[in-house]
Every structure is written in C-alpha cells, then in structure tokens.
Amino acid sequence: MSHTPFLRLMPMLIPAGITFIAFFLLPMVKLAVVGATGDAGLAAYASILTTPRHWESLIATLILSISVTAVALMISTLAGLFLVRNLFPGREVLVAMLTFPLAFPGVVIGFLVILLGGRQGLVGEISQALTGDKVVFAYSMTGLFIGYLYFSIPRVILTIMAAAEKLDPALEEAARSLGASTWRVLVDVILPALKPGLIASGAICFATSMGAFGTAFTLATQIDVLPMTIYTEFTLNANIAGAATLSIVLGLVTWLALFVARSLSGATVAASG
Amino acid sequence: MSMQRRGWQFWAQLCFTLSVCAFLIVPVVLSALAGVTANFFIGLESGLTLRWIGEVWDLYAETMFLSLWIALACLGVTLLLGVPAAYVLAKQGGRFARLIEETLVLPIAVPGLAIALALILSYGEFRDFRASWGFILVGHVLYTLPFMVRAVLAVLASMDFNTLEEGAATLGAGFVYRLRTVVLPNARPGILAGSLMVVTLSIGEFNLTWMLHTPVTKTLPVGLADSYASMRLEVASAYTLVFFVMIVPLLLAMQWLSRSEKRLPRNHRPTLDTEHE
Amino acid sequence: MSESTAVHIRQCAKTFADGTRALAPVDLEIAGGETVVLLGPSGCGKTTLLRIIAGLETADAGGQVLFNAQDVTALPVEKRNVGMVFQSYALFPNMSVRENIAYGLRVRKHTRSQRAQRVAEMLSMMHINELADRAVSQLSGGQRQRVALARAIAVRPRVLLLDEPLTALDALLRERLRIEIDSLLRSLGITAIYVTHDQAEAMALADRIVVMSQGRIAQQGTPRDVYQNPQNPFVADFIGTVNRLRGTLTEHGVHAQGTLLPLGKGLTVSATKEVDLLFRPEDMRIVPAEEAQFIGTVSSAFYLGDRTRLLLAGIGDAPVMVEVSAREPIARGTEVGVSIDPQGLMMMPGTPS
C-alpha cells in the first residue's frame, strides 16, 4: 500500500540493519584493512600470487571445487530428472533419503568419509576381501572430493527437481509431435529449461566447496585447500595479516561466483554450509 | 510421468539413483551402527552396547545443551530481526529493497572462516564477550538471518499480501491489527520454515564456531571435531549418532512442511473468530 | 442503510514517484445512492481514481475527496468506512468464509451476537449460507466474489467501491453476477463506484458512465447518452463499434465518397469543413441499389445466430461493418447497397490523414 510511507516502515528494518553493520560490514572492512597493514602492506594481497604455498592452495581449491561441481551436477541431473519424471512405489522415500543430508555439517561429513574410505573404512574392508589390497582414500584430495560430493548432491538434486517440476509437459509433447527423439528433447527442451537451476545450484556448489572447512579439518590438516591454509596461517603461524588477505580473496571468489550465477540465471542463489 | 511400459532405461536410471542414495545413506548407517557396537574392529558379532553413548553423555553433555541453547537464542534473535525486515523488504519492493536484501544475504556468500576471523579481529579484545557464548551467537545470527529473511520473504511474495492488507484496511483495520490478523498468520508457513532452517543450521554450524569457541564454550559440532581427533571410533560414532538424533527430527519436519505446502496451499486453519473475546 | 453518501472529487491528480502521471486533475460529483461506473482501457487512470477515493492512494497536493460535507482527504483508508471489492477478491486465506465476512465487524468491536446476526444476514443476502464454514481455498471464483461482496457490505460502508470485480470470471458467470450486483445495488441504495474496462458491464450497471482516457475524463453521462452521443472519437471507438468515413461538411449536407448525405438533427453549417463521419453497424440498412447511399462488396460475413455481421469493402479506406438480420445468407463477393439511418450519423472534426 503506497499509503504506508517508507519512513514509517524503516524502524522495522533498523534492528537487523544495526546488527548487520556492527557485526558483519565493519568487521569485514577491518579484516580487509588488517590484511593491508601487515609487514608487507598492500603487497600482502599480491602474496597470494608470490607465495607458492598460497598460490598452490588456491589453484588446488579451485580445481577441486570445479570438479566437484561438474560431477555433482551430472549425478544430480540424472537422478533428479528420473525422480521427477517417474512415479513408482517408494519414490517419496527415495527423495527423502536423497535430500536428507542437506544440513549435515562438514565435520560430520568428514567423519562419514573416514567410515567409508578410512583405515578401518568399508571400502578398505571390501577391497581387502576381494583383492587383498586395502584401499584407503579418506585422508587425501580424493577423500575431500568424496566429502564435498556428499554435501553437494542433496542441494543440487533439490534445485533440479524443483526446476523440473515446473517444466511445462506441453513443451516436451510439442517437441515430440514435431518428431524429436528422446535425446533431442533432452538437449533442446529439458536442459535449456533446467539451465537457470543448473547455474544456480552449480554456483552454490562451487562456492560452498571453496569455503568449506569442517570436512578438510576432520580428514587431515595436511590437505592444502584454501580454508585450511588460512586456518594454519592464523593459528599455527600467527600470520594474521596473511590469514586476513587470504580470507578476503576467498570471500571475493565465492561472492563473485554467486553474483555471476545470479545475473546469469536471475534466480536467488545462496551458499551455505 | 508414465506408469506404463518401463524399458531398460527406467531400470538403469533406477539403479543409478539407488546407488547415489546408497552413497548418501550407507555411511550414516555405518556410523549409527558403530556407535552402538561393542567393538567396531571385530564387527557386530562383538555385540551391541549403549556404553559408548553413556561415555559421550559423560564427556560431552554440556556441548549438547550449549548447542540447543544457542540454537534457541539464535531463533529468537532471527525472528525478532528477520521477520520485520522481511516484511519491510516485501512491502517496499523496488531496487532499494533488492539492494538491501542482497547485502543482508552476504554472510552466506562469504565463507564462515572469513567472517569468524573478521569478528575476532574486531571484537576479540572485549575479553568477556569473546569468552561468552554470546560471541558464538553473533556468528550464528549472521549466518542464519538470511535464511529467515528469505523464507519469510518468499511466502509474502507468493501471496500478494499487499492486496490482503489493503482489503483489511478498507474494512477498518489499522496497521498493528492488520499485522496481527492478516500478515503474520498468512506468513506462518514461511516463518515456520525459516525457524526450522535456523535451528538446524545453528545446531550444525562448525565453520564459524570452530574459530569463535573457547574451551568453555564448546558446541556440539566443536565437540564432534574434538572426538574425531582424539577419541576411539566407537565414541566418535556414538557422538555422531546423538547429533543425528537431535537433527533428524528437524530435517524431517522441514521435508514434511515443504511437502504439505506443495500439496495444500493454505488450507483449513482453526477458526479465529473466537480468539479475541 | 442510513442516508446515502455523496462523493465529491476535486482536482485529484496522481503523479507516481517515478514521475509518470496516472491521473490529470479530475473533478467528479457523485450523488448519494448513485451507481457510477468508471470505464476505460487499462492505464487510463480509473483504478487510480478509485484508490484515491478509497484512501489507498493519496492524491497529489491540492486534490480533495469529500464524503458529503466531510473532507476525508487526510483520512487513512481504515478510517473512511468504505467497502471495497478487489479484482483478486483479497479474501483472507487464514480465515473461513464466516470469519472473512465478520472481519470488519470485529475491527469495529461489535459484540459476538451482533456479528453473528449480521453475518447470517449477509450469508442469506448473497445466497451462500452453505459456505459459511468453508475455507477460502475451497471456493470457486463466483463464490469468492459473493463472499468478497458480503464482506464489503457487512460493515455498512458509506461508499461501495468495486475494482473490476468480475474480470477474473468466465463469461457466463460474469453475466449472472452482473445481474445480481445490479439488483443488490438497487436494493441497498448505496453509493457505488464501479471500475471496469468492459463496456457491456458498464452499460448494464451504471446510472452514469464516466469514460476515462489517459488520466482524464473523456465523457460522462447516462449509458444511452454516452453510446448515442459520443463527444469525441475516443468515446465513439471505445464504446460499441463504429465505422468511420472521411467527408466534407457543407450547407447542403455531408459529402462522402461521392454521396451527399442529408444532415439530421437540425444542424446548421456556417462554413465548409473536413469531418469524420461515424456510424454504428446497427444503424445501417441493406437497400436496393437505386436507393443506396453506398455500394460495397461483401468481403467477410459472420453468422452470429441472431444477426449477421458483414464487412463491406470498397466504401471507405477501411472495411465498413454492417449488421443485418440473419434470415438470408449473403455470400462473399456479393455487391450490396447500404444506407445510413440519419439518426445514427455522428460527426467529429476531421482527423488529418
């Protein structure tokens, strides 16, 4: 109602505003300033390029996040489309189970990966029984990849299912009536309709993987992904300026990914975890 | 959506989906079993026991209570801050509101580790604050507030509450009366969804909390990380099992809510007319 | 219903925050008990004017809204005691039908028994007794409309405002509810302002039609008046269907397409000028060629059951539409002669070609 002027509504925004400014905006500014006022000054921001350890950890994190995103998108599209387009007994339970781990924290997922691929893990047991070789992958990049995949799949599946449910069946019927094959329908009708959802959930997946800390923390402290590097700089090396600059760079990368996705897909995109 | 002829493609896709599901569920089952197995090394034949759960309770009960307490406090704060903010944003609309919304949700775009560092650098020197659970609460509120705002905003946006409010106004209802009788009751599904989300996320939050906690303010996930690093596998599993028991009802409630929303958009509610006599 | 309320609108204009002008300064007098229909295409300012009367929008400085002698300009909507029916009905989904109707009474702190009695009255007036305890989501469009009307009337408003109340309904239901609303308004004697873009609805309901265009009142009058004597091309075009021919007005009559048409209605002409001739399809007759004012070729024929609509080519620049009784089929390509009933001939200043 245009009758309620904004000034009258404004007070309802103030509590959230003050909290946000005092505990988020100002601290983030402080973080950026601290990063620039270490021994190196503003050059600290270049250290991510000049310090090989930082540079390598950034690249490793990027590669990990991108591959997790790609694989999670493929798996979730296949499973999500299948679940939306087929009715069968037990489908609801399957959907519930697939979206269930949505809010598991990273530490717990790390532990689950250890149970799968750790020294006493299920995969190791099975492989030993079958081949005599104990396969252990939990404490490496592979373990991290599996862990990130674990928390990405539920999120992506949810988005894809939501997008697929909105798909107008008439579009597919129209394509079929014009003689399109299953494959053509997928490429020409279904995937384009899912594109915004794919972009949005892909961005969430990427950003979450970039910033995730708990899983890496549980699996091993020697995996050099960016959040671990930041943590090590801050706690072990007491390199506060370095940790601050890396945090700012990391924050910018994740924010940028979400921002770009948002402008591309027009959907609301948010990371979590 | 055909129930008829199912070719090999159906079965192939079903197998694929089932294996994805197994990937997600098997570790959870493993962990739950490990938590009640006498000796995980030997396996189930070593017998089932509640011993590990008891040990977890002795060692970590405080972390559970602190996590619950912080989650509830966080819910209270996000309700107070988030619901009015969402209402204003929904009502105002336009570019300015979009901008504010974009800014308010920044804390979920920035990794928790960075926010935690920023908080420590800014407020770390206030010793008493730094050492209190309030410090963790601040982090949790920042991280969960966007979810509350979004959930309420989504419901408000879906129901054209502006016209409903106009309808109430033409019938003589003033601002506060409209909020109480029309806006809030109709925003209830969103507030409920947001609340479940906030509590669930707060209980499981680790990225921020690990940096913000002190030895006297350990939350459940912090305790979990601690047990993963230093306890035997059975204890760690039992602790994880306790965590699942806490969080699974919340997750189920969220799924139930989103499904009932889909099926019956705004259904029968208990009558209101007798409420204000 | 006590004394009905007259509404006076003085110099009400509306400029939105982005600078667009929705309404030029408008004056309008509405008598107590009168049913006025604001009619116009979308974006003509009719809804804005209605919302200003309701108090949902504030007019630009200088505008005034009076209910009888009381200046309500500064009064917020909730204090104006208007009843409003929205296009989307705006029924509260968290309340049952009964609670929706009782809402305004609850706001006014009526006792429970007063409320129950009034709600019962409204339910039977709208013939929806059996819906009383339904949830809004269980109602059909027509039922929602009845509940919305009941809710608005229950509080005995000074003025009833209806914003395109029938637009969301299908044609058959629209017709039926239109008749119901008409008899309701007559029996209540309430001042009603009704916004629509549907001219048939306007003609059927209105004591007076106010035709609006581009934020201004283009013409106002009884439905008969507006239909038969449109004062400008916009009104002529918007209400009903018109044919248009260019002509020259002289003291002998109007020359159009080589034909001299006699002047009707005692018009006198002082100087020769270019005019547009407007006439409605039903004011034309098919006549033998020797009596015809114009000869045209049937380019399309639409059989409508009760009548046939013909499009004739070769008379003006655009096809001329004629309505004839439907008895005999007329094939495409037939040459027919037509003449215009002088009573139905309207003239407007010529539009430059």
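Just so it is clear, the model here is predicted, and its values are computed rather than measured. Atom set for the values below is all heavy atoms of this structure, side chains included, hydrogens, waters and symmetry mates excluded.
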### Interchain contact, B:Ala225 with chain A, by part (heavy-atom threshold 4.5 Å)
both
#### Entry: Validation row: A:Phe234, B:Leu117 side chains within 4.5 angstrom (heavy atoms)
yes
### Task
Give the intermediate values and the outcome of ring pair (Phe, Tyr, Trp, His ring centres under 6.0 Å) for residues B:Phe126 and B:Phe135.
CA-CA 10 Å; B:Phe126 301 100; B:Phe135 202 53; 9.5 Å; no
### Query
Considering only heavy atoms, which portion of B:Gln9 lies under 4.5 Å from any heavy atom of chain A: side chain, backbone, both, or neither?
neither
### Query
Would you find more than 12 non-hydrogen atoms of other residues, nucleotides or ligands less than 6.0 Å from A:Phe259 atom CZ?
no
### Query
Taking C-beta and beyond as the side chain, do A:Leu94 and B:Thr17 meet within less than 4.5 Å on heavy atoms?
yes
### Query
Side chain, backbone, both or neither: which part of A:Phe100 has an atom under 4.5 Å from a heavy atom of chain B?
both
### Task
Select one option (side chain, backbone, both, neither) describing which atoms of B:Tyr228 are under 4.5 Å from chain A's heavy atoms.
side chain
### Query
Does a sphere of radius 6.0 Å around CZ in B:Arg232 hold more than 12 heavy atoms from other residues, nucleotides or ligands, not counting ones at 6.0 Å or beyond?
yes
### Summary
Bottom line for B:Gln255: the part with an atom under 4.5 Å from chain A's heavy atoms is side chain
### Query
So, for B:Thr78 and B:Met148, which heavy atoms are closest and what is the spacing to 0.1 Å?
O-CG, 3.7 Å
### Full working for salt bridge (Lys or Arg N to Asp or Glu O under 4.0 Å) between B:Arg98 and B:Glu101
CA-CA 5 Å; B:Arg98 293 285 304 165; B:Glu101 191 200 334; 3.5 Å; yes
#### Entry: Proximity breakdown for B:Leu104 and chain A, heavy-atom pairs closer than 4.5 Å
both
#### Entry: A:Glu172/A:Arg85 ion pair, N-O < 4.0 Å
yes
### Query
Checking A:Ile153 against chain B: side chain, backbone, both or neither under 4.5 Å from a heavy atom?
side chain
### Message
Which atoms of B:Leu250 are under 4.5 Å from chain A, going by heavy atoms: the side chain, the backbone, both sets, or neither?
### Response
neither
### Task
Against chain B, label A:Thr254 side chain, backbone, both or neither, depending on which of its atoms sit under 4.5 Å from a heavy atom there.
both
### Query
Does some side-chain heavy atom of A:Leu258 sit less than 4.5 Å from a side-chain heavy atom of B:Ile108?
no
### Message
With a 4.5 angstrom heavy-atom cut-off, is it the side chain or the backbone of B:Val77 that approaches chain A, or both, or neither?
### Response
neither
### Query
Heavy-atom distance under 4.5 Å to chain A: side chain of B:Leu142, backbone, both or neither?
side chain
### Task
Below 4.5 Å from any heavy atom of chain A, which atoms of B:Thr103 appear? Answer side chain, backbone, both or neither.
both
### Engaged part of B:Ser237 at the chain A interface, taking heavy atoms whose separation is under 4.5 Å
both
### Heavy-atom pairs under 4.5 Å with chain B, option from A:Thr218, A:Val108, A:Leu116 with the top count
A:Val108
### Query
Which atoms of B:Met254 come close to chain A, meaning under 4.5 Å heavy atom to heavy atom: side chain ones, backbone ones, both, or neither?
neither
### Message
With no hydrogens and no angle check, just 3.5 Å: does a side-chain donor-acceptor pair link A:Tyr150 and A:Thr215?
### Response
no
#### Entry: Under 4.5 Å from any heavy atom of chain A - which part of B:Leu224
side chain
### Task
Please lay out, stage by stage, how A:Ser57 and A:Thr229 fare under the test side-chain hydrogen bond (donor to acceptor under 3.5 Å, both in side chains).
CA-CA 7 Å; A:Ser57 110; A:Thr229 312; 3.1 Å; yes
### Task
Could you tell me which portion of B:Thr240 (side chain, backbone, both or neither) has an atom closer than 4.5 angstrom to a non-hydrogen atom of chain A?
side chain
### Query
Quick one: what part of A:Ala22 sits under 4.5 Å from any heavy atom of chain B, side chain, backbone, both or neither?
both
### Query
Is the Lys NZ or Arg CZ of A:Arg91 less than 6.0 Å from the centre of A:Phe82's six-membered ring, within 45° of the axis?
no
### Query
Pick from A:Ala96, A:Pro101, A:Gly80, A:Gly251: which one has the most heavy-atom pairs with chain B under 4.5 Å?
A:Ala96
### Summary
Residue from A:Ile109, A:Ile75, A:Leu246, A:Ile146 scoring the most non-hydrogen pairs under 4.5 Å with chain B is A:Ile75
### Task
Heavy-atom distances under 4.5 Å only: say whether A:Ser76 touches chain B with side chain, backbone, both or neither.
neither
#### Entry: Proximity breakdown for B:Val20 and chain A, heavy-atom pairs closer than 4.5 Å
both
### B:Lys91 and B:Asn162, any side-chain heavy atoms less than 4.5 Å apart
yes
